[in-house]
Amino acid sequence: MTGHGHDWLRTADPAMVELRDPLAQRAVRIVRPDEDELSGDFLVELETLVFQWEDTTTQAAADAYLALRGAADRIDILRGLSWLCALWAVVCETRLGKSADNIIRDLDYRGGRRVITSADQARRWENRTHRVRLGALAALTEDPRAVASYRVACTEPVGIAAELIVHTLVHLDGFSQDMQRHDLEARGLAAGVMAHTEAGTGPRGRLCFRPAHAL
């Protein structure tokens, strides 16, 4: 058992792991992404970045990392952060029984980083939040229409990707805190998936995430 209160169970598919929640008596199967889409090392790197950015004592280093990324890198970062958000959602589904897609659709942030003093700022916040949800749903479902819509959301208007990365990090900060309230630890989940799976050698035949099921 890990510090997350979960058991990791390898499956017949080396690229798939079953994450079991003994408390809720539910489990979810997670498939490692293709290495040429989102490499395991990159996802673990982004997981480290998320918690580095959340911490005010290390946020400057995280911001420096992001400042060095070019336009193409920013799209990959957004896709990786969306995958992390989807991972957290399916882990929450095993504990709470609420579907991962509805967890994502209800995703919001009400903490101190949310500063809205005008109707224009409120519209801007909701627009960016809609894009964060869209990215997580695209990662969760891999629906081609959602994936295509999210790519547009990351690139239009020009230059939005850098701003959207920060907005996504804000929401992941709030999401990780929400998980802690349910005695769930987000930190280390991506690393756990990579540690208990092997990179596939060909095109992935299954979705990364599927609904939780009873044990």
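Rounding to the nearest 0.5 Å places CZ of Arg95 at 6.5 Å from CG of Asp183. Atom CD of residue Glu35 and atom CG of residue Leu43 lie 8.5 Å apart, to the nearest 0.5 angstrom. His167 contributes atom NE2, which lies 3.0 Å from atom OG1 of Thr129 (distance to the nearest 0.5 angstrom). Annotation: the span from Glu198 atom CD to Arg32 atom CZ amounts to 8.5 Å, rounded to 0.5 Å.
Of the candidates Val132, Thr155, Leu164, Leu164 is the only one forming a side chain to side chain contact (heavy atoms under 4.5 Å, CB included) with Leu78. Just one of Leu207, Val90, Ile103 meets the side chain to side chain contact (heavy atoms under 4.5 Å, CB included) condition when paired with Leu140; it is Val90. Checking Arg10, Arg210, Arg29 one by one against Glu18, the salt bridge (charged side-chain N to carboxylate O under 4.0 Å, His left out) holds for a single residue, Arg29. Of the listed residues (Leu84, Asp76, Leu38), just one forms a side chain to side chain contact (heavy atoms under 4.5 Å, CB included) with Leu46, and that residue is Leu84.
Side-chain atoms of Leu49 and Leu66, non-hydrogen and from C-beta on, do get closer than 4.5 Å to each other. Considering only heavy atoms from C-beta on, Thr58 stays 4.5 Å or farther from Phe51 through its side chain. At least one side-chain heavy atom of Leu172 sits under 4.5 Å from a side-chain heavy atom of Thr168. Considering only heavy atoms from C-beta on, Ile160 comes within 4.5 Å of Arg128 through its side chain. Inter-residue side-chain proximity for Glu54 and Arg187 is flagged as unmet; no heavy-atom pair is nearer than 4.5 Å. No side-chain heavy atom of Ser176 sits less than 4.5 Å from a side-chain heavy atom of Val50. Inter-residue side-chain proximity for Leu189 and Met179 is flagged as met; some heavy-atom pair is nearer than 4.5 Å. The shortest distance between side-chain heavy atoms of Gln180 and Glu185 falls below 4.5 Å.
Here the closest non-hydrogen pair linking Phe209 and Ala139 is CD1-O, 3.7 Å. Minimum heavy-atom separation, Ala191 to Glu47: N-OE1, 3.3 Å. Considering every non-hydrogen atom in both Val115 and Gln121, the closest pair reads O-OE1, 4.0 Å. Residues Ala27 and Leu215 approach most closely at CB-CD2, 3.6 Å, considering heavy atoms.
Side chain of Gln25 to backbone of Pro22: a donor-acceptor contact under 3.5 angstrom is found. A donor-acceptor pair under 3.5 Å links the side-chain atoms of Asp34 to the main chain of Arg204, judged by distance alone.
Side-chain atoms of Arg131 and Asn127 include a donor-acceptor pair closer than 3.5 Å. A donor-acceptor contact under 3.5 angstrom links the side chains of Asp55 and Thr57, judged on distance only. No side-chain N or O of Asp41 forms a donor-acceptor pair with one of Ser39 less than 3.5 Å apart. A side-chain donor from one of Glu45 and Tyr65 sits under 3.5 Å from a side-chain acceptor of the other.
A 6.0 Å sphere centred on CZ of Arg114 holds more than 12 heavy atoms belonging to other residues, nucleotides or ligands. Counted within 6.0 Å of CZ on Arg181, heavy atoms from surrounding residues, nucleotides or ligands total more than 12; the atom is thus considered enclosed. Enclosure of atom NE2 in His130 is not indicated, since only 12 or fewer non-hydrogen atoms of other residues, nucleotides or ligands lie within 6.0 angstrom. Other residues, nucleotides and ligands contribute over 12 non-hydrogen atoms within 6.0 Å of the CZ atom of Arg113.
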One pair to check against salt bridge (charged side-chain N to carboxylate O under 4.0 Å, His left out): Arg105 and Asp101. What are the steps and the verdict?
CA-CA 6 Å; Arg105 289 188 178 95; Asp101 59 325; 2.7 Å; yes
Residue pair Glu126, Arg133: steps toward the salt bridge (charged side-chain N to carboxylate O under 4.0 Å, His left out) verdict
CA-CA 10 Å; Glu126 185 52 40; Arg133 295 173 185 142; 3.0 Å; yes
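Ring planes of His171 and Tyr109: perpendicular class, angle over 60° (limits at 30 and 60°). Ring planes of Trp88 and Phe175: perpendicular class, angle over 60° (limits at 30 and 60°).
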